[in-house]
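Here's the structure, in structure tokens; my notes come after.
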Amino acid sequence: MNELQSAKHPVNLRLPDGSVRTFDGPVTGTTLAADIGPGLLKAALAIKVNGELMDLSREISEDSDVAIITKRDAEGLEIIRHDAAHIMAEAVQELFPGTQVTIGPVIEDGFFYDFARDKPFTEDDLAVIEKRMNEIVERDEEIIREVWDRDEAIAYFKKIGEHYKAELIEAIPAGEDVSIYKQGTWLDLCRGPHLPSTGKLGNAFKLMKVAGAYWRGDSKNAMLTRIYGTAWTDKKDLKAYITRLEEAAKRDHRKLGQEMDLFHLQPEAQGSVFWHPKGYIIWRQLEAYMRRRLDAAGYVEVKTPQLMDVNQWERSGHWGKYSENMFAVPDEVPQGEGDGPVFKGDGAMMAMKPMNCPAHILVFKQGIKSYRDLPIRMAEFGCCHRNEPHGALHGIMRVRQFTQDDAHIFCREDQLIDEIVQFCDLLDSVYQDLGFDKYEIKLALRPEKRFGTDAEWDRAEQILRDAVAKAGRASEEYGWEELEGEGAFYAPKLEFHLTDAIGRTWQVGTIQADTVLPERLDASYVGEDGAKHRPVMLHRAILGTFERFIGILIEHYAGKLPLWLAPTQAVVTPITSEADAYATEVAETLKAAGLRVSTDLRNEKINYKIREHSHAKVPLILVVGAREAESRKVSVRRLGSNDQTVMDLDALVTTVTEEAKVPTGA
RNA sequence: GCUGCUGUAGCUCAGGGGUAGAGCACUCCCUUGGUAAGGGAGAGGCCGGGAGUUCAAAUCUCCCCAGCAGCACCA
């Protein structure tokens, strides 16, 4: 096939255990695997040569470090998923002629393939495609790699009507060869590597859902039809994955929010939350907690207007860069009976704030600030409105009205690093208090649409880098990484991503170093030299928004909130109505100690009541009967536990009050 | 905003051109029961909204609206 084959010198291959096998000449991975043993030959999926993954059929003609990849290796699983995507594409093209293939990558837990077809696929098609995939696995088609000339490949794919593929190959530099993989009569452009044959895929795969997706991820392009699948090395893993999805669904804040009577949403206020009394207790607890932490960290709190004249937003730059996401109303007074409300007029326009920053600068600008006043850490639990695309709305996690734990730190440039480090420490401590012990930090760099000069961005980005390093968090442990083009239009930002109880990540906290807005809105302070200087402004949030953060808390704890956040901390319920009076007394005693307690005196069996309050995720169920009433004790049953302990009422008050204490970051 | 799916009782869902169904929840009655569903009776619906086809529409068609899953968006 090529000159490698004719090379006739011995080839030494070193295996991961350090042993070396010598061959007379070039050798394929298959031969090597067979040489080691028939078991490995059967299990072999691919080979790693000097760190590079290759097909088993590729010849190795030089001395190399090699490792046979099986399904036990992470790379093996990736190859399996990649082949699952190819086999799905083959099945689709057999079943639905005229469908064009585009791209089909491996993703977390599975794969997808995007197809171009006049009529999008529906969920009903999945079973049929899956069946055909199984047949292709049965056929055990050999997967063969070929190297084609780029231009020939383009011509070929154009000829068979695969215009998207042709476009993909056109992106490959002229003169380069491309690799093509054939299985049966089907073929695809692909970098590889792939399994030796389709039979190696096994049957631990499942097609999950169909969805639309834009060609090349751009909403200006055609919408393709995407099929998502999952694939594993064996049925057991597949089942575990399905179980994991089911467990995640059980934590869904929308479901728990309804079951626990925390909030609701309805079309008349699309994207805005109706907080019910129980849900709002969580909010109030969280807000009170944050307020204490901010007070202790030297912040001052303000409250600024919901509506401001559009000209103010023009000055800040929001109107130019962000107006499509802003709600605006004409500032016009109705002229007489039946004339209001006015929707259209030539008068001034007012806009709902989508952010708090401009108003905070206006507060800062009142009076003359001295360098001695800095830093000023100005906090607001600011309620903002953003007109989000309808398709983006999601429960209480992505809404159109939300309240941020927002603050802006006005400081001198020489104070920046210290302020950022202090912020990192505060944020770390808040996350700990709220039950999250792992989070990642990313640096979002300048976006295309932005204000300010490159020099300003260089400086701002470097300050964030330096600060995170100084805070000791620019490490792998914190998933440190820099993201191109992800920054805000006025500043680069550090993003803090929480990891929840089941390993999902949520971007919540942020801090942004901004020199642009103070400039645009002309904020200044008097320096030591008596001259005017620009302050730098740090935009920062720890929770992000209350709506989203409470959603995350619900999912993280699966509704079983820690005692200090739980809407109802305890329910007291008697075994029979004989103990009603004592149950009421217990409840009153706990309430007097500052706890959120209710009684359940209904004429129901104790089993029934336990079940109901367990479902409602009440942390403590306090059962009292004649025995407890007699001895002034309480039978305590904790959520999630099947047994109970009997305690003296006095001891219970002490224990529970202690346990319900709001954390202080200590 | 785009693609697909869904919308029936407070909740979870069945039904499918000819008088609207179940379980749970709710109300009342019986039951006083020691740690995750005791029994009975009752009440509850413009079948998301609008238009069309039809003797007849919850059911078929079209248009809206909302929800869900992705995509795009998340300054």
Side-chain angles (χ1 to χ4, degrees), chain A residues 112 114 117 119-126 208-228 249 252 254-255 258-259 261 264-271 316-318 320-326 354-355 357 384 386-395 397-400 402 444 447-451 486-491 493 495 507 510 512 539 544-545 548 573-580 602-616 621-628 635-646:
Chain A
F112 67 77
D114 284 349
R117 186 182 180 226
K119 188 174 170 290
F121 294 108
T122 69
E123 307 273 336
D124 296 337
D125 296 322
L126 296 186
M208 305 298 287
K209 56 197 168 197
V210 294
Y214 297 108
W215 167 237
R216 292 179 176 261
D218 188 334
S219 59
K220 288 195 274 295
N221 289 340
M223 168 97 20
L224 306 170
T225 167
R226 173 176 296 181
I227 303 179
Y228 283 94
D252 192 312
R254 293 166 298 185
K255 179 177 141 77
Q258 185 186 67
E259 285 173 9
D261 192 20
H264 85 272
L265 296 150
Q266 64 181 68
E268 289 74 9
Q270 197 192 8
S316 70
H318 289 80
K321 289 262 194 294
Y322 199 64
S323 57
E324 70 270 27
N325 289 293
M326 289 170 69
M355 301 183 203
C357 27
C384 297
R386 294 180 191 176
N387 195 356
E388 302 284 1
H390 287 197
L393 301 176
H394 178 85
M397 300 276 207
R398 187 82 184 271
V399 286
R400 302 207 292 186
F402 51 85
E448 273 179 43
K449 235 169 119 177
R450 63 175 182 264
F451 285 137
E486 303 271 317
F489 68 76
Y490 47 81
K493 59 181 181 183
E495 299 176 349
Q507 201 221 301
T510 181
Q512 304 154 14
H539 304 244
T545 75
R548 183 169 153 82
T573 187
I575 303 273
T576 71
S577 54
E578 265 185 315
D580 280 5
R602 288 176 307 167
N603 172 17
E604 293 290 353
K605 283 196 155 184
I606 194 64
N607 280 7
Y608 181 92
K609 291 192 283 194
I610 296 274
R611 179 184 149 82
E612 197 163 88
H613 296 119
S614 298
H615 278 164
I621 301 175
L622 308 176
V623 177
V624 294
R627 290 207 297 267
E628 286 79 6
S635 167
V636 182
R637 184 187 168 114
R638 286 181 179 267
L639 182 58
S641 161
N642 287 323
D643 39 47
Q644 59 267 207
T645 50
V646 177

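Keep in mind that the numbers below use all heavy atoms, side chains included, and drop hydrogens, waters and symmetry copies. Quick note on labels: first sequence line is chain A, next is B, and so on, each numbered from 1.
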Both A:Tyr608 and A:Val636 contact RNA chain B. Taking the nearest nucleotide for each, which residue is further toward the 5' end? A:Tyr608
When you match A:Leu639 and A:His318 each to their closest nucleotide on RNA chain B, which lands nearer the 5' end?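 Per heavy-atom nearest nucleotide, the more 5' residue is A:Leu639.
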Residue set satisfying salt bridge (charged side-chain N to carboxylate O under 4.0 Å, His left out) with A:Arg450, at least two apart, ordered chain then number -> A:Asp454
Hits for salt bridge (charged side-chain N to carboxylate O under 4.0 Å, His left out) against A:Arg638, two or more places apart or cross-chain, chain-then-number order -> A:Glu659
The side chain of [X] lies closest to which of these nucleotides: [options]?
X: A:Thr576; options: B:C26, B:U35, B:G33; result: B:G33
X: A:Ser614; options: B:G38, B:A36, B:G70; result: B:A36
X: A:Ser635; options: B:G70, B:U32, B:G34; result: B:G34
X: A:Arg637; options: B:G34, B:A69, B:U35; result: B:U35
X: A:Pro389; options: B:A69, B:G1, B:A36; result: B:G1

By the 4.0 Å heavy-atom rule, please label [X] as base, sugar-phosphate, or nothing.
X: A:Lys321; result: nothing
X: A:Ile606; result: sugar-phosphate
X: A:Pro354; result: base
X: A:Phe112; result: nothing
X: A:His615; result: base
X: A:Arg400; result: nothing
X: A:Lys493; result: sugar-phosphate
X: A:Glu268; result: nothing

Produce the list of close N/O pairs, under 3.5 Å, pairing protein atoms with atoms of nucleotides 3-5 of chain B; give distances to one decimal.
unit_1: B:U3; atom_1: O2; unit_2: A:Gly212; atom_2: N; d: 3.3

Using a cut-off of under 3.5 Å, enumerate the N/O to N/O pairs linking the protein to nucleotides 8-13 of chain B.
unit_1: B:C11; atom_1: O3'; unit_2: A:Gln258; atom_2: OE1; d: 3.2

Pairs: protein N or O with nucleotides 59-66 of chain B N or O, under 3.5 Å:
unit_1: B:A66; atom_1: OP1; unit_2: A:Gln270; atom_2: OE1; d: 3.2

[N] base to [X] side chain: any donor-acceptor pair below 3.5 Å?
X: A:Arg216; N: B:C71; value: no
X: A:Arg226; N: B:A69; value: no
X: A:Tyr214; N: B:G70; value: no

Map every base of RNA chain B to its dot-bracket character, where paired means a Watson-Crick or G-U wobble contact with both distances under 3.5 Å and | marks a partner outside the strand. (((((((..((((....[..)))).(((((.......))))).....(((((..]....))))))))))))....
It should be established whether A:Tyr322 places a side-chain nitrogen or oxygen under 4.0 Å from OP1 or OP2 of nucleotide B:C74. no
Determine the interatomic distance between C1' on B:G15 and the same-named atom on B:U3; round to the nearest Å.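 One C1' to the other, the span is 29 Å.
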